[in-house]
Amino acid sequence: MNYKNMFVEALFIQLQGTLEKTVLENMIEKPKYENMGDWAFPCFELAKVYRESPQTIADKLKQNLELPALFEKAETVGGYLNVFLHKSDVSTYIINKILSEKSNYGSSNTGHNKVITIDFSSPNIAKPFSMGHLRSTVIGNALANIAEKSGYTTVKINHLGDWGTQFGKLIVAYKKWGDEKKVKEKPIKELLKLYIQFHEEAEQYEDLNNEGREWFKKLEEGNEEALSLWQWFREESLKEFAKVYDLLGVKFDSYNGEAFYNDKMDHVIQLLEEKNLLQVSEGARIVEVSNDMPPCLIKKKDGTTLYATRDLAAAIYRQDTYQFAKALYVVGHEQSLHFKQLFSVLEKMGCTWHKGLAHVPFGMILKDGKKMSTRKGKVVLLEEVLQDAIKLAEKNISEKNPTLAGKDEVARQIGTGAVIFHDLKNYRLNDIEFSLEDMLRFEGETGPYVQYTHARASSILRKGNFQQTDEVMQLDDDQAWTIITTLVEFPNVLKRALNDYDPSQIAKYTLDLAKSFNKYYGSVRILEEHEQKQARLALVYSVQTVLQEALRLLGIQAPDEM
RNA sequence: GUCCCAGUAGCUCAGCUGGAUAGAGCAACAGACUUCUAAUCUGUAGGUCGGGCGUUCGAAUCGCUCCUGGGACGCCA
């Protein structure tokens, strides 16, 4: 059922084809204030056509308008024609819909089971899992959930940064200053220390960089010493990352990182040569993409490969393996140029599927207004932040609900929920100034606020002993109207979140729903004996179900008690 | 220098493809727990929507330009 379309139909008949239905649909808007009705039609543009004042046109439309039964009335004010929905009919309809569809409410099959690969998280081996990777991880994970709910088959790929010149540098640093024992004790911390030391020393001794490049060359050529060190670094790192993914509840379908494509790059270079795209410039192999972009580097003058080479191989491999309709890259905005070049090279190679490729960029996490740099050791470790958040949640529980069962698990859900929500609630392209204080906030527009609201709803359902029956619930409660209209919006929000690759739409939606519910909660005694009690419980059930589902899409769990 | 983001209340941000009185949260102040979880709710206060020009019946929203901040710009990823 689509109320907006009903209004469009009614208007279309009145206007006798003056405006197309699609035009009408675009013109109709939501009034700014609730007392102005549910849909509004502005008559200003028609004023020119009919040579009458907008208000007169609105009045005339109102006189003859034949609205379907679900509409209660129409009003005109200031050149607008406003229509009001029949509150109890719509309330009854939507509540029973959610009652029967449960967590499937909002699901669709717009994806037709087509495959969408999502490249996200992708931390760098031998480096700590920083706050920067958090963004990619939670955005990518949420997009995957949303895509699945919309009928896509997803392939979640953790494109690990496990290859590249950095490993040459790390090997040099380890051989010069490393201590096996120390690295075994605290791998990430020790390796990071070596990496930082390398860059500090390299500022004075330019030769170090050359040594690093040489060792990477050896690594690419299969040098045994280099390979075994690399493998060791990789294993230790993966163990460390697994802890973070467990805490966050994120899973992947593939951990094929950059190294996986080592034996697939010759093929790419061959293809480029066949198409005559490869050029030599200053000793390096490049592909010219277009005038407004610098060329894409494929091979360095020493013959080793680059990031772009591996990404080309990866894209081709993924198309061959998964036949994706869409391939998303959830990677920081600072790499926008790289992806523009990459997609452009694939287009030049004649890959018709390049249209399905999309870079989903996001803003940076800044420290004192500047980019956090691993090289200079300016990183904040995600695991520490998560642990802090969980500890704070534990503290809150022991103050507010000390008898709660399963405290540890609930604390984990709330702590990580706060961190994830904090990241997802704002538009992804915004830069975020790192603030532990903000991330550990549990009041106001936060994850725990939404979780708390959900727990409240669950609690009421428990105490009210709510049981689902086949009976149709008749809800006639004007105070619930904001909740009802918000519930109606859920499927549209999902659509927008997927189209714009923007999980923040859903995060903001959970806040709207939670706020409207808490307001209702404050003014209506739901468990009080009342002829509407069962219908009200059904309303609570609807809110609880949609909140839980929306949070799930964001990658956040919703405890029943907290 | 060229290109890409962004600039809305003291702070953090909403504001969908232009529309009716500019919206939250935090912080501040004042209220509401013997009553469904106060991680909540209700009020008060707070804004030349970076500046200018333009398009339009109508601009925070679109176009141009300038200013400010961030990022990217061949052998890092």
Side-chain angles (χ1 to χ4, degrees), chain A residues 26-27 29-33 36 40 42 44-45 47-48 54 77-80 82 122 124 161 163-166 169 209 212-213 258 281-286 292-302 304 306-308 310-311 331-338 340 361 363-364 366 369-371 375 393 396-397 399-401 404 414 418 422 425-427 429-433 435 437-438 441-446 448-453 455-464 492-493 496 499-500 504-505 508 511-512 514-515 518-519 521-528 540 561-562:
Chain A
N26 280 326
M27 286 172 78
E29 56 193 79
K30 257 204 145 128
K32 209 158 195 179
Y33 302 92
M36 291 170 174
F44 308 100
E45 274 181 56
K48 268 180 282 182
V77 50
Y80 284 89
N82 297 332
S122 312
N124 294 323
W163 205 247
T165 311
Q166 54 181 336
K169 294 177 180 178
N209 282 321
R213 276 190 282 266
E258 295 183 38
S281 164
E282 295 168 39
R285 307 292 198 99
I286 63 161
D292 56 354
M293 258 188 278
C296 184
L297 263 91
I298 304 295
K299 268 197 167 185
K300 293 188 268 191
K301 61 184 167 197
D302 66 4
T304 55
L306 284 144
Y307 184 40
R310 287 184 281 280
D311 266 357
V331 180
H333 170 242
E334 69 267 28
Q335 291 190 34
S336 290
L337 178 62
H338 164 73
K340 264 170 86 177
M364 285 185 284
L366 306 174
K370 294 265 186 265
K371 185 182 178 179
R375 296 181 190 182
N396 279 345
I397 291 169
E399 278 169 15
K400 294 165 203 254
N401 197 356
L404 179 67
I414 295 168
H422 175 263
K425 77 170 170 182
N426 294 136
Y427 181 56
L429 272 170
N430 291 350
D431 287 343
I432 298 180
E433 173 67 28
S435 159
E437 202 188 325
D438 281 355
R441 189 160 277 150
F442 291 179
E443 285 158 20
E445 296 177 323
T446 65
Y449 169 77
V450 180
Q451 289 171 315
Y452 176 75
T453 310
R456 264 185 159 179
S458 299
S459 170
I460 288 189
L461 293 175
R462 240 180 354 251
K463 295 202 167 136
N492 295 330
V493 171
R496 238 179 24 234
N499 279 340
D500 303 344
S504 77
Q505 299 285 343
K508 281 164 207 149
L511 288 172
D512 286 345
K515 275 185 212 173
N518 279 324
K519 188 167 184 152
Y521 181 96
S523 58
V524 176
R525 312 247 85 217
I526 298 159
L527 289 176
E528 201 174 70
V540 176
E561 285 182 75
M562 63 187 267

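Here is the naming used below: chain letters follow the sequence lines, and residue numbers restart at 1 for every chain. The structure displayed is predicted, hence computed values, not measured ones.
- For the ring pair (Phe, Tyr, Trp, His ring centres under 6.0 Å) test, residues two or more places apart in sequence or in another chain that qualify with A/H338 are A/Y307.
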All N/O contacts under 3.5 Å from nucleotides 72-75 of chain B to the protein, with atom names and distances to one decimal?
unit_1 : atom_1 : unit_2 : atom_2 : d
B/A72  : OP1    : A/K371 : NZ     : 3.3
B/C75  : O2     : A/K301 : N      : 2.8
B/C75  : N4     : A/E282 : O      : 2.5

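- An OP1 or OP2 oxygen of B/A20 is reached within less than 4.0 angstrom by a side-chain nitrogen or oxygen of A/K32.
- Using atom P as the reference point in both B/U56 and B/G51, the two lie 23 Å apart (nearest Å).
- In the set B/U40, B/A77, B/A39, the nucleotide with an atom closest to the side chain of A/M562 is B/A39.
- Separation of the P atoms belonging to B/G18 and B/G10 is 29 Å when rounded to the nearest angstrom.
- Heavy atoms of A/P54 sit nowhere under 4.0 angstrom from any nucleic acid atom.
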Can you tabulate the close N/O pairs, meaning under 3.5 Å, that link protein atoms to atoms of nucleotides 42-44 of chain B?
none

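- Base engagement by A/V524 is indicated by at least one non-hydrogen atom pair under 4.0 Å involving a base atom.
- Within 4.0 Å (heavy atoms only), A/V540 reaches no atom of the nucleic acid at all.
- You'll find the side chain of A/M562 stays beyond 4.5 Å of the side chain of A/N401, heavy atoms only.
- Looking at heavy-atom distances under 4.0 Å, A/K463 makes contact with sugar-phosphate atoms alone, never a base.
- Taking only distance into account, the side chain of A/N82 meets the base of B/A20 through a donor-acceptor pair shorter than 3.5 Å.
- Applying the salt bridge (Lys or Arg N to Asp or Glu O under 4.0 Å) criterion to A/E282, with sequence neighbours excluded, gives no partner residue.
- Judged as a side chain to side chain donor-acceptor pair (under 3.5 Å), and not counting sequence neighbours, A/N396 has no contacts.
- In this model, the phosphate group of B/A39 is not approached by any side-chain N or O of A/R441 to a distance below 4.0 Å at OP1 or OP2.
- Partners of A/K400 according to the salt bridge (Lys or Arg N to Asp or Glu O under 4.0 Å) rule, which considers only residues two or more places apart in sequence or in another chain, do not exist here.
- A/Y449 places a side-chain heavy atom less than 4.5 Å from the side chain of A/L511.
- Across all strands shown, A/E45 has heavy atoms under 4.0 Å from base atoms, whether or not it also approaches the sugar-phosphate.
- A/D431 contributes atom CG, which lies 9.0 Å from atom NE2 of A/H333 (distance to the nearest 0.5 angstrom).
- B/G54 takes the anti form, because its glycosidic angle lies more than 90° either side of 0.
- Here the C1' atom of nucleotide B/G69 and the CE atom of A/M364 are 11 Å apart, to the nearest Å.
- The interatomic distance linking A/Q166 (CD) with B/C76 (C1') rounds to 8 Å, in whole Å.
- For A/K48, the listed nucleotide lying nearest its side chain is B/C57; candidates were B/A24, B/U40, B/C57.
- Following rounding to the nearest Å, A/I526 (CD1) and B/U35 (C1') show an atom-to-atom distance of 14 Å.
- The phosphate of B/A77 (OP1 or OP2) has a side-chain N or O of A/R310 nearer than 4.0 angstrom.
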| field | nucleotides 8-18 of chain B: protein proximity per nucleotide (B base, S sugar-phosphate only, - neither; heavy atom, under 4.0 Å) | value | -----SSSBB-

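- Under the salt bridge (Lys or Arg N to Asp or Glu O under 4.0 Å) criterion, A/R213 pairs with no residue at all, not counting sequence neighbours.
- Heavy atoms of A/L404 sit nowhere under 4.0 angstrom from any nucleic acid atom.
- Residue contacts shown for A/M293 are absent, as no nucleic acid heavy atom lies under 4.0 Å away.
- Residues meeting the ring pair (Phe, Tyr, Trp, His ring centres under 6.0 Å) test with A/F442, sequence neighbours left out: none.
- Residue contacts shown for A/G78 are absent, as no nucleic acid heavy atom lies under 4.0 Å away.
- Nucleotide B/C76 holds its P atom 8 Å from the CG atom of A/N209, rounded to whole Å.
- Within 4.0 Å of A/A40, counting heavy atoms only, lies at least one base atom of the nucleic acid.
- With distances taken from any side-chain atom of A/R525 to the nucleotides B/U21, B/A20, B/U35, the minimum falls on B/U35.
- At a threshold of 4.0 angstrom between heavy atoms, the contacts of A/Y307 include nucleobase atoms, whether or not backbone atoms are also involved.
- No aromatic stack links A/Y521 and the base of B/U40, using centre distance under 5.5 Å and interplanar angle under 30°.
- In RNA chain B, runs of at least 3 stacked Watson-Crick or G-U pairs (N1-N3 plus N6-O4 or O6-N4, or N1-O2 plus O6-N3, all under 3.5 Å) give these stems: B:1-7 with B:67-73, B:10-13 with B:23-26, B:28-32 with B:40-44, B:50-54 with B:62-66.
- Applying the side chain to side chain donor-acceptor pair (under 3.5 Å) rule to A/S458 yields the partners A/Q544, A/D560; only residues at least two apart in sequence or on another chain are considered.
- By the salt bridge (Lys or Arg N to Asp or Glu O under 4.0 Å) test, A/D302 is found to be paired with no residue, residues two or more places apart in sequence or in another chain being considered.
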